[in-house]
Amino acid sequence: MTRWMRRINILLIFALLAGTLSACGKQTENTPGSAGSQPPAGPSVKDTIVVSTSAEPTSLDPQYGEDTTTQRVVMQISDTLINVDENMNYVEGLAEKWEIAEDGLTYTFYLRQGVKAHNGDTLTSEDVAYTVERGKASTLVAKAFAAIDRVECPNESTVIFHLSYASPIQLAYLSSPSTGIVNKRACEEMGNEAFGRAPVAYGPYQVVSWDSGDKVTLKAFEDYWAGKPAIDNVVFKVYTDSNTAAIALQSGQVDVVLDVSTSDMASLEADNNVAVYTGDSLIAYHLHLNCTKSPLDNEKVRQAVNHAVDTQAIIDACFEGVGAAKMGSFIPKLSLSEDPGDGSYEYSVEKAKQLLQEAGYADGFSCNILVTSGVQEKIAQVLKAYLQQVNIDLTIEVYEWSTLLSMVESGGYDMTILRIVAMVPDPDLSLYTRFESSQVYNFSKYSDSKLDTMLEDARVCPDPGRRTQMYLEINDYLWQKAPTVPLCFTTVINAANAGIQGYHTDPRGFIRVCELSW
Amino acid sequence: MGKYIAKRILWLIPIVLGVSFIIFSIMYLKPGNPAQLILGSEATQEAIDQLSEEMGLNEPFFVQYFNYMKGLIRGDLGSSYRNGNSVSAEIAARFPVTLRLAAFSILLVCIIGIPIGIISAIRQYSVIDMVSVVLALVLASMPSFWIGLMLMLLFSVQLQLLPPTGADSWINYILPCLTLAAVNLAVVTRMTRSTMLEVIRQDYVRTARAKGAGEGRVVMKHCLKNGMIPVLTIVAIQFSKLIGGAVLVESVFAMPGLGSLLVTAIRSSDTPLIMGSVIVLAIIFTVINLVIDLLYAVIDPRIRAQFAK
Amino acid sequence: MSKIHTILEVKDLRVAYAGSGERVQAVNGLSFGVQEGECLGLVGETGAGKTTVALSVMGLLPERTSRIESGEIIFEGRDLLQCKKKEMQAIRGEKISMIFQDPMTSLNPVLTIGEQILEGLELHNEEKKSREELIARVHEMLELVGIPAARYHEYPHQFSGGMKQRVVIAMALACSPKLLIADEPTTALDVTIQAQVLDMMSQLRERLGMTMILITHDLGIVAEKCDTVATVYAGEIIEFGTVEDIFSGEAHHPYTKGLFDALPSLVSTERRLKSIEGLMPDPTDLPAGCKFHPRCPRCKPICREREPEPVQISQSHMIKCFLYAQGEEEMGSR
């Protein structure tokens, strides 16, 4: 009996040791020049750039990922028909030129010649047609292709989109990574699942490996149509903790940090090896007022709330003054060709009180606000202090996101805070999903048929000049009706190793590595 | 003995069934629609409805549960809602990192904590005893992510000695394992100390001394083995906790482990991933418990005798 | 008369325990001697200080809480109280062995009994015998105490109480010590097993020519097995003599007389047992003068003031009591 026990003893110990040791064994992954395995000291190896991102991409397939952290990786791999430059103007991409018919229902694209895919194939209109077809089938990006009714390929280098309705936003969508063109042959051969891990497309980089939850490694594509990119290897590494990312940048383990938190800015700016870049974004925070519930169903009350809140104070308190900028309009400047001006309500306790009195709430009222923890909670606390001054008693309720969603659905709240992220610089994307009456994310539950019509009309207006005017009108209308208190536009803050040339921020939160060099 | 092991392994079946049912029910009853979470805050109602339909989220509870269990029996843990990857692949990718993290940390805790506990017990109320108890308590009171960040700032930024993040080679594990060890040291040290104090007072220790044994031999040969059983229990519990619970450290040190996988899955209401992770964790805990029970038998002949029955 | 050699002599030993501010006077000027080859019985109630004396001889008093304040313990010409730790470790188990009261807890449950007996041999292996030789000796010892040698690999929990105590004895005798101190070795055992174990101990003692100190509160055992007897009260030896002196003699210390009177008698019919009035004195607060005086039926005024000196009633018999101070004998009576 004892001998057997002893044998089991030895076996167990060996099993434990073997398990631990074998887990140690397969460690050095073949990531070319990965800066992560070297002890940090000064600038990284110059043929690699390591970019920190706050979350893992959901898929590398352009038509199966639609959030910022996914698209910023996808755009290195897959090129679109149209690109945008620093000022969000449209420039050529895979298409050399394009024509839009007067009625806005026909888009003709002339493809560049001799564009190579990662597998050596040449780009043809068939690939574009295939991309559109699979895009429409994917719930995630269907809206980017929704207007396209059918695709015509008169020859290998010409593609014609026939739209079922005029959709000026279509150009913007065609510059977004969700419409990145994929290689038809490879996609059909690999099947969607494998394709999502290592897509074959026409962009400057191709996929080397994707270590789940850890990093995505790319290498330069020799035959890229615009010339091989200057930096050979790109690693997108996931850092969920922004402090850690900042420290990694300072110690040289990482070269670019895309989601810098305001608390790290001071130490990064002080570091000579690091350059901090800021720029405008397409992201806004709104304080949504429940327009179906008294007293916020009263326009004057909502305007009073606008007067009562000093948004600059919120920017200072919750974004350290640098992470956000004052919001003078409902539409970011970058999304309009004309400056919408500043329509915001002046911070004035007297005006707020006066309006409340006119509305019959001289003594104020109580209300609650639903928020998630983190930045939203902080904003709510500042709001509470300001609303107190006009006798509005605010109760702050913190919930996890899913729960908050269901509470909003059931309607038992007065206020809530919600961000809006415009994936492309088109005014519709900063308005429609928040203010059109049937939208799920219309957290103000604002239902105004006049506004609905204005939004619908502006959406499909083919004349750019006229369209801009319509949006300016919508902007003014929204200020007047005040379904929300626009709080601020966030600022894009990136930080990079000082040795990197050619870096600038992208309001969509993206990075174009092929434009960078050491 | 073989029968005993077989019985314990058979217990895995009801455990997995129970765990899967409970988690599935929680996910089903919890507010929030996974499809909605996937599509983000700019989605339209139509898109949400369509995706929900595609994902089979509109089926009644038992249909969904049954479909899941059908796959589970075949060993198929399903695909993640978030990115469509096979759940088993995701877990398998993260598991080595977590195993290394937990194993090395526990090893550190044992190497440091158990000797200190023994010394504290032998030299009770001495300077070493007082200092070690206080130090262990202080370390246990500090939040793990704070210790981690401080270590990182010191060793990676200021001294430039160690890489701050990542899980590429064994060097990367030094700081996170130190962090985890620091936080878990107190329990093991205290337990070792109190068990040893008890054991030292036992009559058989007096007998050993009466035979002329020196203190060293008394401790190593007589006290250690007797005191190990409660300590082993604690170590096993700590190890189990580390396997699924090192989330903060994983986040701070950017290590792709099971803990952060689970948290991300919960945040996105990614039911298959949550189910798969929890089931795998339950199996791991069960196996750890079994191994520990067997180790008891190895250490203590009285327990061994019980097995013989 | 053959040469009588005093193997152990305790002279005026004083030991105190310090705990939670109080000072417990456990042993107060205790002296006695043991001749080679004889068996001394140390008799007394619980708390008299018998175990403390034994532990002092062994050097096993708890370090932090106890203090040997004065005295000498001479063994084979050396004062044990002056010995260093290593010297005492060499003596313990080899020259002087001790066995304790409760066999159930005296053995390490996770080691085989063979290993535990072997340990003593390994610790004192000056002749550098090989492991096989030592194991052979262990088998010898097991046979000696009546345990089949095949049981070497068994664990303590597989033995009964009596067998365990035999193992303990085998452990203690493995190195053929000159002196064995047995602290209530049979108290925890059944009466029938008691007899067996005690018989075995006597046999071994004779065979090995070993000296023994037997600590007990059972006068019956003392009568059967001991050569000399010392009565211990409040940390002092108040009466010392041969077994004949104590059991058949006329003169006794009132305490000893009280002990005998308390024994139930097989011959006479009594309605009630006679007990000694009062309790053992509080060792933190001992009475002045003779420590027994508060309970003594024959207390005289002088007893309250001065401590009695030892009085040699005969060559072998000592009593520490003022009743015998002038050498007068009194009729032992009821």
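Hydrogens, waters and symmetry mates are skipped; everything else that's a heavy atom, side chains included, is used. A note on names: the letters A, B, ... follow the listed sequences, proteins ahead of strands, and every chain is numbered from 1.
Between chain C and the residues B:K221, B:H222, B:R209, the largest count of heavy-atom pairs under 4.5 Å involves B:H222. With chain B as partner, the option from C:L55, C:N108, C:T112 having the largest number of non-hydrogen pairs under 4.5 angstrom is C:N108.
In summary, of the residues considered (C:M98, C:H124, C:E119), a side chain to side chain contact (heavy atoms under 4.5 Å, CB included) with B:K211 occurs for C:E119 alone.
Rounded to the nearest 0.5 Å, atoms OH (B:Y125) and CZ (C:R64) are 6.5 Å apart.
If you measure heavy-atom distances from C:L111 to chain B, the contacts under 4.5 Å come from the side chain alone. For a residue to count as touching a neighbouring chain, one of its non-hydrogen atoms must lie under 4.5 Å from one of that chain's; by this rule C:M88 does not touch chain B. Contacts between C:Q158 and chain B at a heavy-atom distance below 4.5 Å are absent for every atom of the residue.
For B:L154, the CG atom is densely surrounded, since the number of other residues' heavy atoms within 6.0 Å is greater than 12. Within a 6.0 Å radius of CE in C:M104, no more than 12 heavy atoms belonging to other residues, nucleotides or ligands are found. Within 6.0 Å of the NZ atom in B:K241, the count of heavy atoms belonging to other residues, nucleotides or ligands does not exceed 12. Few gaps surround CE on B:M142; more than 12 heavy atoms of other groups in view lie less than 6.0 Å from it. Other residues, nucleotides and ligands contribute over 12 non-hydrogen atoms within 6.0 Å of the NZ atom of C:K225.
C:P109 approaches B:N226 most closely through the heavy-atom pair CG-OD1, 3.5 Å. Closest approach of C:L123 and B:G212 over heavy atoms only: CD1-C, 3.9 Å. In this structure, C:L60 and B:R206 approach most closely via the heavy-atom pair CD1-O, 4.5 Å. B:E215 approaches C:Q89 most closely through the heavy-atom pair N-NE2, 4.4 Å.
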*Show your reasoning for whether side chain to side chain contact (heavy atoms under 4.5 Å, CB included) applies to B:R304 and C:Y155.*
CA-CA 11 Å; B:R304 220 180 293 162; C:Y155 290 89; 3.6 Å; yes
